There are 2 protein chains.
Amino acid sequence: MTTGAKGPREVRARGGVTMHDVAALAGVSFKTVSNVLNDYPHIRPTTRARVEAAIAELGYQVNASARNLRRGRTGVIGLALPGLAEPYFGELADTVVRVAETRGVTVLVEHTAGERAKELDVLTSARRSLTDGLLLSPLAVTAEDLRELRPTSPLVLLGERVFGVGLDHVTMANVEGARLATRLLLDRGAHRIAVVGAPGAPGEPEPLGPLTELTGLAELAALARGAGVPDGELGSARPLTTTTARLRLAGYLHALVEAGLEPDPALLLPTGDWHRTSGAAAMDRALAVGLEVDAVLGLNDSVALGALHALQLAGVDVPGRVQVVGFDDTIDGAFATPALTSVSPGREVIASSAVDLLLRRIEGVEQAPRLVVAPVRVEERGSTRRA
Amino acid sequence: MTTGAKGPREVRARGGVTMHDVAALAGVSFKTVSNVLNDYPHIRPTTRARVEAAIAELGYQVNASARNLRRGRTGVIGLALPGLAEPYFGELADTVVRVAETRGVTVLVEHTAGERAKELDVLTSARRSLTDGLLLSPLAVTAEDLRELRPTSPLVLLGERVFGVGLDHVTMANVEGARLATRLLLDRGAHRIAVVGAPGAPGEPEPLGPLTELTGLAELAALARGAGVPDGELGSARPLTTTTARLRLAGYLHALVEAGLEPDPALLLPTGDWHRTSGAAAMDRALAVGLEVDAVLGLNDSVALGALHALQLAGVDVPGRVQVVGFDDTIDGAFATPALTSVSPGREVIASSAVDLLLRRIEGVEQAPRLVVAPVRVEERGSTRRA
DNA sequence: TTGTAAGCGTTATCAA
DNA sequence: TTGATAACGCTTACAA
């Protein structure tokens, strides 16, 4: 059935220019068009030019659905994060998207709010069939869940939750980062370093017990090297702030122990969550009870910035009387006044490792599950006193 | 090559269970499986049950590429925003994703950083062929650009930039919102209301000239009703903060004029950008020069929160001595201390209007371009004095 | 109520 | 160096 002569150009509904249209205009077979598009090596330059001209003239774009169907790939990967509003995750998403672009894949960002239901949904929903694989930063889902689900498509985990499921995993050297930050503060003359965002509920810090058990130097050193993270104790189902907080706290304790200092539980200031206002509130409480402090280690930039604000509010000079260090090296911190010294988590490394691990799995490479621990370094800025 | 028996049902590479496999297991034709999947009405319950059991057992998921190819749709829409890190956009993205879910489409969030190059890229890149249409919140791209590009797939614009291109457009009642907020402050006894985040560079407010021209009550009333936004003057290529700032400032002036008050240019505090720290800095400067102020209208929540912090830092009681109102009703504001009174932009309305307009275009409905202006209301909280 | 046949726009195989 | 031809897995007529 002729749909009526459609002039040479006459674009069909929904921009439906096909390879056949291009081929007709270029005077070649449609397969040649395909070859040009796929950088098939043996094409006469003039042919290629004609095809490219036709493509440009018609504004042809490949039909992704058809290509995907044929290739058995979508060229899309999922990235599921607890929330983009938190600066760290927002910036991580950004980095992942950029890295993915250089690898020729696009990223479908999903958002779990850290809720188990949403995390499970992300793993199972029909959206998965739209993607070739998933990067998941789990907060609530358990190792059990993951084992039972036996995820149908390639999966790489991010963060410090849920280990030992036989999946690729990318995390950062949390312990080492906190250790470096603490050491920097000690080097700059600090003796009483408060930890804002420590595990526990506001006002009632988690007992140091299980943590000091971890402070055996050998064990901590292993953690710091990123040699692996004990499952169980550290990997069970607790909110992000708890798990990550414990690792970072361990680094802090490690640095103190190394320096021959006795940790003072009074210096551990829990915040419940890791938002700015909680950091400010914790610092306020500490100041109110006259806690003696000459430095603050915020376990992420948000609480560090909150503490910074509270200190300034109280007329305390930063970094003159109290130095402040954060963790995550977010843009907010870099632009605060004074600019926040912070542990930089190597977002680039995290993002590219994660994407590449996933792509390798998608390509069907069989290899033992890998754990990548991104190295950290301290970005020193105005909130600490340069030597 | 046999890859070895793999449990009951030998799953092909990449979860490749097809409708045929399901049909075989259920003992029906593959078309029946398709019918079940597509909620075709006339299916015997027992047949349906058998098919569903087989689907569950095999863990079958439809192949999105094949379905899309056949349907000529991808079931994905793009959402391109300047940045997710800014609370307003982050929360808007969230709302759009949720709304889209109820409409059965997924959202590919893209990020333009407000740069023209990235905005053009978003409009033209191959990723577009992955989506059925695009929601774009343009910052840098001009009406000219859009006209020349004659975008290939359906496009709906968000925000207060680039009008009059013959495209569907969703925005909010900026003028009305600022007017309501200002009136609330006046009602609560304020006389000297500073505007933090006003157009202009920090320290040198944009002259009121072109704005006061706009304060003819009739024109402002039209704006406030959302009857349309003048192109040209307000719609040309300026950063978001400028365009939006001018609309909100117009609402502020409108309220003053209504109340018979003379606007004082000294009360306009520009911030350059709309981040927290800039809001704090502007407030600091104002306090330093002894500006007499009994209320603050922040043109977004971030600058309002910054100002709030600066006030507290200076020992000024909020809302006792100075009341503060923000704009956008973000979560950060709601959780600040005191909680921030803020203009709520009807994110739900914005999101659902935008998605629905786009879906209608995707379905090929022909209609004149629509302008939807989401209504606003003021969420009153602790940063103002309840009557 | 269920089944058959055709074709969506590509890429892969193989022949020319 | 190019061109037929056959899938890829699904939905949409239409037939049974």
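Chain letters run A, B, ... following the sequence lines, proteins first and then strands; every chain starts at 1. None of the values given here were measured: they were computed from a predicted structure. Any value given below was found using the heavy atoms of this structure, including those in side chains, with hydrogens, waters and symmetry copies removed.
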- Base, sugar-phosphate, or nothing: which does A:N68 touch, judged by heavy atoms less than 4.0 Å apart? nothing
- Item | Atom pair distance, as rounded to whole Å: CZ in B:F30 and P in C:dG3 | 11 Å
- Query: Taking for each residue the nucleotide of DNA chain C bearing the nearest heavy atom, is the 5' side occupied by B:H42 or by B:A66?
  - Reply: B:H42
- Message: Base, sugar-phosphate or nothing for A:T47? Non-hydrogen atoms, less than 4.0 Å.
- Response: sugar-phosphate
- Query: Using a cut-off of less than 4.0 Å, is there contact between a side-chain N or O of B:N38 and OP1 or OP2 of D:dT11?
  - Reply: yes
- Task: Using the test side-chain hydrogen bond (donor to acceptor under 3.5 Å, both in side chains), find all partners of B:R360 that sit at least two apart in sequence or belong to another chain.
- Result: none
- Note on the structure: note: B:N35, atom CG; D:dT12, atom C1'; distance rounded to Å ~ 10 Å
- Query: With sugar-phosphate meaning primed atoms plus P, OP1 and OP2, does B:S34 contact a base, only sugar-phosphate, or nothing at under 4.0 Å between heavy atoms?
  - Reply: base
- Task: Round to a whole Å and report the spacing from CZ of A:R73 to P of C:dG9.
- Result: 24 Å
- Query: Could you state the CZ-P distance from A:R70 to C:dG7, rounded to the nearest angstrom?
  - Reply: 19 Å
- Task: Grab the CD1-C1' distance between A:I55 and C:dT10 for me, whole Å please.
- Result: 14 Å
- Pick base, sugar-phosphate or nothing for B:L69, based on heavy-atom distances below 4.0 Å to the nucleic acid. base
- Rounded to the nearest Å, what distance is computed from the NZ atom of residue A:K31 to the C1' atom of nucleotide D:dA4? 11 Å
- Ignoring backbone atoms, establish whether A:T18 has a side-chain N or O less than 4.0 Å from OP1 or OP2 of C:dC8. no
- Return yes if some donor-acceptor pair links the side-chain N/O of B:E119 with the main-chain N/O of B:A140 below 3.5 Å, else return no. yes
- Find the distance A:R67:CZ to D:dG9:P and express it as a whole number of Å. 18 Å
- Item | Under-4.0 Å side-chain N/O to phosphate OP1/OP2 contact, B:Y60 with D:dG9 | no
- Could you state the CG-P distance from A:L37 to C:dG9, rounded to the nearest angstrom? 15 Å
- Could you walk me through whether A:L37 and A:V62 pass the side chain to side chain contact (heavy atoms under 4.5 Å, CB included) test, one step at a time? CA-CA 9 Å; A:L37 254 42; A:V62 296; 3.2 Å; yes
- Item | N or O in side chain of B:S29 less than 4.0 angstrom from C:dT2 OP1/OP2 | no
- Query: Between the two ends of the helix from C:dT1-D:dA16 to C:dA16-D:dT1, what is the bend in degrees, rounded to 10 degrees, where each end axis spans five pairs?
  - Reply: 30°
- Name all pairs fulfilling the ring pair (Phe, Tyr, Trp, His ring centres under 6.0 Å) condition that reach into residues 41-61 of chain B, sequence neighbours left out, sorted by first residue then second. B:Y40-B:H42
- Kindly give the heavy-atom pair with the smallest separation between B:S153 and B:D132, and that separation in Å. CB-O, 4.1 Å
- Message: Hydrogens and angles aside, do B:T32 and B:N35 bring a side-chain donor and acceptor to less than 3.5 Å of each other?
- Response: no
- Item | Euclidean distance, B:N68 CG relative to A:N63 CG, rounded to 0.5 Å | 9.0 Å
